[in-house]
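Note sheet for the following structure.
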Amino acid sequence: MTIQQLLKTAPITTLLLVSFIGLFIIQVLTGVDANNPSTEALVKWGANALPFTMDNEPWRLVSSAFLHIGLMHLLFNGFAMYFFGQIAEPMFGSAKFLALFLLAAIGGSLLNNYVTWQGIVDGTGQAGLSAGASGGIMGIGAALLIAALFKISVNGMVLNLKSLIFIMVINLVYGFAVPGIDNAGHIGGAITGLIIALAFAIAYRQRMAAVIQNTATHQSNYLPQYQNEQQDKYHTTYINTAVTSEIDFANHINLDSTDLNDAHLNHASLHNESHVDNNIGVNSNLNITPNYPILSEEKALPKSTLIWQLLPWLVMLLLSLGFMWWWQDIHQQLVEVLNAIEQSSM
């Protein structure tokens, strides 16, 4: 797929890839090592670092998703975004796809900070930093798993569930096998993606069921009525009357041969006109397009589908509020510990 095709099919995916690459190029041009950036440089450019993120800089939960630690990290995540994005964005829609990526990235960073903070409190860990789009990408991958499980199609094609499971497992195993990989970020992003995708899938199933049900009701209610109307409209009533011969009729009213010919011609013309009119009526009956009436179920259909269309947004809103509460909870614990350390040192 070319860049023009990707931009047309998945514009948000294209913009995300451009932002990843653009930010990396700017870093390198300003003196950051392309393969082994320093901790100071990563913190400066927006990495997720617990002492800063959970203190007064929560924006790092988002900025860290666009920052990558070295060229290989960028290439790996860039390829994964390209692979998943061109499928997921047309399926979920650009706006929902962007919200899914951002919330999954935030969920991954928050879980990373929570695990790190618990390790500091227990004395088994220490503060570190994380960066990369892995959490958001894992969220997208998990959403595609749910889509495949519910058999949601993309342009008539259903996703291969086994292939997606294989890719997700490879990513998780690679994260646990290689030191320095943010496993908590991967898991947090995947869980967030699963929750959001379940809302997508349930809403999709309910909308399709509502459409099918209302379409069936519409057809069953209208078809008998339409057939009766057409039968009444195009039904021809014939009156059986005795018709005398033309000769008897002419003799009875003393018509001459000229009048008789005119009568015969008029009778034939009348017969032909009746035949033509009858054919016109038949042709009109075949070509007519029915004007379906607006049923009460049709009026209710947009309302019912609107509720299901709003379900994913409602779930994402609740997740956002939950993430705000989670950040506030860790932030408050961090402030209390810092205040206790400050008081003990005085």
Side-chain angles (χ1 to χ4, degrees), residues 16-81 101-102 104-139 171-172 174-189 323 326-339 341-342 345:
L16 288 174
L17 288 171
V18 169
S19 65
F20 298 162
I21 298 171
L23 181 59
F24 184 80
I25 292 174
I26 294 174
Q27 288 178 257
V28 174
L29 292 177
T30 56
V32 177
D33 192 325
N35 295 313
N36 189 24
S38 64
T39 300
E40 293 79 8
L42 291 173
V43 171
K44 176 184 176 181
W45 285 93
N48 175 37
L50 186 143
F52 300 98
T53 304
M54 307 311 296
D55 187 11
N56 294 309
E57 299 177 1
W59 51 267
R60 291 179 179 272
L61 295 171
V62 177
S63 64
S64 59
F66 296 83
L67 183 68
H68 290 87
I69 307 175
L71 180 60
M72 292 304 298
H73 189 205
L74 172 66
L75 292 175
F76 185 82
N77 280 345
F79 176 78
M81 174 59 74
F101 170 76
L102 293 177
I106 293 172
S109 295
L110 275 173
L111 184 59
N112 172 273
N113 288 331
Y114 174 79
V115 172
T116 302
W117 174 246
Q118 292 301 315
I120 293 174
V121 172
D122 298 337
T124 58
Q126 59 182 2
L129 58 82
S130 63
S134 302
I137 293 171
M138 290 294 288
N171 277 274
L172 290 174
Y174 177 79
F176 283 103
V178 178
I181 302 296
D182 182 13
N183 295 306
H186 289 180
I187 296 172
F323 287 161
W326 198 7
W327 178 88
Q328 183 64 35
D329 180 61
I330 301 175
H331 169 75
Q332 189 62 35
Q333 295 180 36
L334 178 63
V335 170
E336 291 176 357
V337 170
L338 291 177
N339 289 336
I341 293 174
E342 183 178 355
S345 62

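We use all heavy atoms of the structure for the numbers below, so side chains are in, but hydrogens, waters and symmetry mates are not. We count residues from 1, following the sequence as given.
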Checklist outcome for this item: What one should report as the nearest heavy-atom pair of Ala133 and Phe20 is CB-CZ, 3.7 Å
Checklist entry - Which atoms form the tightest heavy-atom contact between Ser109 and Leu61, and what is the distance? => result CB-CD2, 3.5 Å
Next on the checklist: Run the side-chain contact (heavy atoms from CB on, under 4.5 Å) test against Asn56 and tell me which residues pass, sequence neighbours left out.
Outcome noted: His331
Checklist entry - Does Gly108 offer a backbone N or O that forms a donor-acceptor pair with the side chain of Asn112 under 3.5 Å? => result no
Checklist entry - Considering all heavy atoms of both residues, which atom of Gly46 and which atom of Trp59 are nearest to each other, and what is their separation? => result CA-CZ3, 4.0 Å
Next on the checklist: By the ring-ring contact (aromatic ring centres under 6.0 Å, His included) test, which pairs, at least two apart or in different chains, include something from residues 27-53?
Outcome noted: none
Item to check | All side-chain contact (heavy atoms from CB on, under 4.5 Å) counterparts of Leu338, not counting sequence neighbours | outcome: Leu334
Next on the checklist: Just to verify, what does Thr53 make a side-chain hydrogen bond (donor to acceptor under 3.5 Å, both in side chains) with, not counting sequence neighbours?
Outcome noted: Asn48
Next on the checklist: Among residues at least two apart in sequence or on other chains, which ones pass side-chain contact (heavy atoms from CB on, under 4.5 Å) with Leu102?
Outcome noted: Val62, Phe66, Leu98
Item to check | Summary of side chain to side chain donor-acceptor pair (under 3.5 Å) pairs that have at least one residue in residues 63-77, sequence neighbours excluded | outcome: His68-Asn77, His73-Asn77, Asn77-Ser134
Checklist entry - Say you draw a straight line from CG of Asp329 to CE of Met54; how long is it, rounded to the nearest 0.5 Å? => result 8.5 Å
Checklist entry - What side chain to side chain donor-acceptor pair (under 3.5 Å) pairs are there with at least one residue in residues 23-33, not counting sequence neighbours? => result none
Checklist outcome for this item: All heavy atoms of Pro37 vs all of Leu42, minimum pair found to be CG-CD2, 3.9 Å
Checklist entry - Which pairs count as salt bridge (Lys or Arg N to Asp or Glu O under 4.0 Å) when at least one residue sits in residues 35-58, sequence neighbours excluded? => result Glu57-Arg60
Next on the checklist: Under the rule for ring-ring contact (aromatic ring centres under 6.0 Å, His included), what residues qualify as partners of Tyr114, not counting sequence neighbours?
Outcome noted: Trp326
Checklist entry - What are the two closest heavy atoms between Phe24 and Gly70, and how far apart are they? => result CE1-C, 3.8 Å
Checklist outcome for this item: d(Asn36 CG, Leu71 CG) to nearest 0.5 Å is 12.5 Å
Item to check | Partner residues of Ala41 under the side-chain contact (heavy atoms from CB on, under 4.5 Å) criterion, sequence neighbours left out | outcome: Val32, Ser38
Item to check | Spatial distance of atom CD1 (Ile26) from atom CD1 (Ile21) [nearest 0.5 Å] | outcome: 12.0 Å
Checklist entry - Partners of Trp117 by side-chain hydrogen bond (donor to acceptor under 3.5 Å, both in side chains), sequence neighbours excluded? => result Gln333
Checklist entry - So, for Ala80 and Ile137, which heavy atoms are closest and what is the spacing to 0.1 Å? => result CB-CG2, 3.8 Å
